[in-house]
Amino acid sequence: MSQKVMAAMSGGVDSSVAAALLLEQGYSVCGATLKLFSNEDISEAPSRTCCALTDVEDARRVAYKLGIEHFVFNFKEPFKSDVIGRFAEAYKTGQTPNPCIDCNRYIKFDRLIDRAVLLGMDAIATGHYARVERDESTGRYLLKKAADATKDQTYVLYMLTQSQLGRILFPLGGLLKSEVREKALARGLVTADKPDSQDICFVPDGDYAAFLTDVMGLVSPPGRMTDTAGNVLGTHRGLLHYTIGQRRGLNIGFGSPRYVVRKDVFSNTLVIGEEHDLYSADMTVGDVNFIAVPALNEPTRATVKTRYSQKETVATLTPLGDDRVCVVFDAPQRAVTPGQAAVFYDGDTVLGGGTIL
RNA sequence: UGGGAUGUAGCCAAGCGGUAAGGCACCAGACUUUGACUCUGGCAUUCGCAGGUUCGAACCCUGCCAUCCCAG
């Protein structure tokens, strides 16, 4: 009896091909598309997003073409509270969140798995570029980088637990993006030519600041902009327009570029400085989750990623207790930003990760 | 209103008689499944204003205006 898999289908190329491949590999497959928000809740949501209404239609057409059953689950409420809500909360405290990670953590790999199990499925599959392997010696599931290093998404999957990993298939983990597109074309999937998604899915026009103020009702008044010594240089447009390391939008001219160095929500002050002011020798990471090991018990060498699409850097991890880890970089890192994820690697294997405090 | 200095794009700034460098900011595009960073391209028919000299002026001359400094 073949394994029953629920393929999460966003309506994009990747998940379409993932579902098709599973079917060809002999799995018993059904498709599932998640409704995460109403289009009328956000501004015009035309092309380049995931999970929009047209994308549900595309997913349905692909499922039909593949001849598999297709479900649409309404996860608007949990998405609103666990993803959008957290996103807004993070901005309130001056952090820079990564909503994709929360969506994976609380929606796709939590509620969707629950739903799949409820329907008698053995596992779920997504179009993420990552690989899951079983370490025979320890019995643990390992999360490993994708074959296509440029598309690797392990950074947004660091919080997966052993029980989740035991029920996850990533059919695209061994493929290159170009191969995925070829396969989509070869199979005549309508999603073959859809552009890669980008931007935050619930903020299709990319104007997340407007979303936070207009839709979420956050208040972010203008305030003073100072240099690192505290000298007032001008006025900022509201703290949520900025993130650490940001250069654009400061609207202030010096001989050299200026970057956001710090956000102080209490005094509503934006501190700006030069490139060299952005480097940190260490950081504390909280809410950590370990995958390759049950827990971190002693100082450990690892490579660390402090933001998406950034090169890894070598560091020493020291457990602090309370799900926290102190990370000391071999070389100071640029723009370490609270709220962003820090992911630890041992070669191609994800050791674990957490949120930068 | 005695003396000195300076006025070139939003900011800084080169140019010193031959037809407006550069940096920052800004804008556009690329890259990017977060916000960023980065990269590429764009961005003063015009040099405080008005006259004059010259084949030709941001550069020389005259006047005016503005700002800053020193002195009163």
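Below, chain A is the first sequence line, B the second, and so on; all start at residue 1.
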By a strict heavy-atom criterion of less than 4.0 Å, which residues belonging to residues 279-291 of chain A are in contact with RNA chain B?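 None, since no heavy atom is under 4.0 Å.
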Got a sec? Which of residues 254-263 of chain A come in under 4.0 Å of RNA chain B, heavy atoms? A:Phe254, A:Gly255, A:Ser256, A:Pro257, A:Tyr259
Would you mind writing out the side-chain donor-acceptor pairs for residues 116-125 of chain A within the sub-3.5 Å range, not counting sequence neighbours?
from, atom 1, to, atom 2, distance (Å)
A:Asp122, OD2, A:Lys4, N, 2.7

Watson-Crick or G-U wobble mate for [N], both contacts under 3.5 Å:
N     : value
B:G29 : B:C39
B:G63 : B:C49
B:A71 : none
B:A21 : none
B:U54 : none

Close side-chain approach of A:Phe170 and A:Val132, heavy atoms under 4.5 Å: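 Yes - at least one pair of side-chain heavy atoms lies under 4.5 Å apart.
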Can you tell if the side chain of A:Leu175 reaches within under 4.5 Å of the side chain of A:Leu21, non-hydrogen atoms only? yes
Determine the interatomic distance between [atom1] on [N] and the same-named atom on [M]; round to the nearest Å.
N     : M     : atom1 : value
B:A13 : B:G51 : P     : 29 Å
B:G10 : B:A44 : C1'   : 12 Å
B:A30 : B:A20 : P     : 32 Å
B:A9  : B:A14 : P     : 13 Å
B:G22 : B:C60 : P     : 24 Å
B:A25 : B:C68 : C1'   : 25 Å

A:Arg247 vs B:A25: side-chain N/O to OP1/OP2 distance below 4.0 Å: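 Yes, such a contact exists.
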When we call it a touch if two heavy atoms are under 4.0 Å apart, what does [X] touch: a base, just sugar-phosphate, or nothing?
X        : answer
A:Arg248 : base
A:Gly249 : sugar-phosphate
A:Gln340 : base

Between [X] and [Y], do the side chains contain an N or O donor and an N or O acceptor separated by less than 3.5 Å?
X        : Y        : answer
A:Ser10  : A:Ser15  : yes
A:Thr306 : A:Gln333 : no
A:Tyr345 : A:Thr154 : yes

List for me each residue that meets salt bridge (charged side-chain N to carboxylate O under 4.0 Å, His left out) alongside A:Arg61, sequence neighbours excluded, and say none if there are none.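 If we apply the salt bridge (charged side-chain N to carboxylate O under 4.0 Å, His left out) test to A:Arg61, skipping adjacent residues, the hits are A:Asp58.
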Under the salt bridge (charged side-chain N to carboxylate O under 4.0 Å, His left out) test, which residues partner A:Glu24, sequence neighbours left out?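 Once residues adjacent in sequence are excluded, the partners of A:Glu24 under the salt bridge (charged side-chain N to carboxylate O under 4.0 Å, His left out) criterion are A:Arg187.
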So which one's nearest nucleotide on RNA chain B is more toward 5', A:Gly245 or A:Gly127?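 First, find each residue's nearest nucleotide; the 5'-ward one identifies A:Gly127.
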Earlier contact from the 5' end, RNA chain B, for A:Thr150 and A:Leu250: A:Leu250
What's the NE2-P distance between A:His128 and B:U34, to the nearest Å?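 Going from NE2 in A:His128 over to P in B:U34 covers 12 Å.
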Which whole-number value in Å describes the distance from A:His236 NE2 to B:A25 C1'?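 Spelled out: NE2 on A:His236 to C1' on B:A25 is 18 Å.
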Under the ring-ring contact (aromatic ring centres under 6.0 Å, His included) test, which residues partner A:Phe329, sequence neighbours left out? none
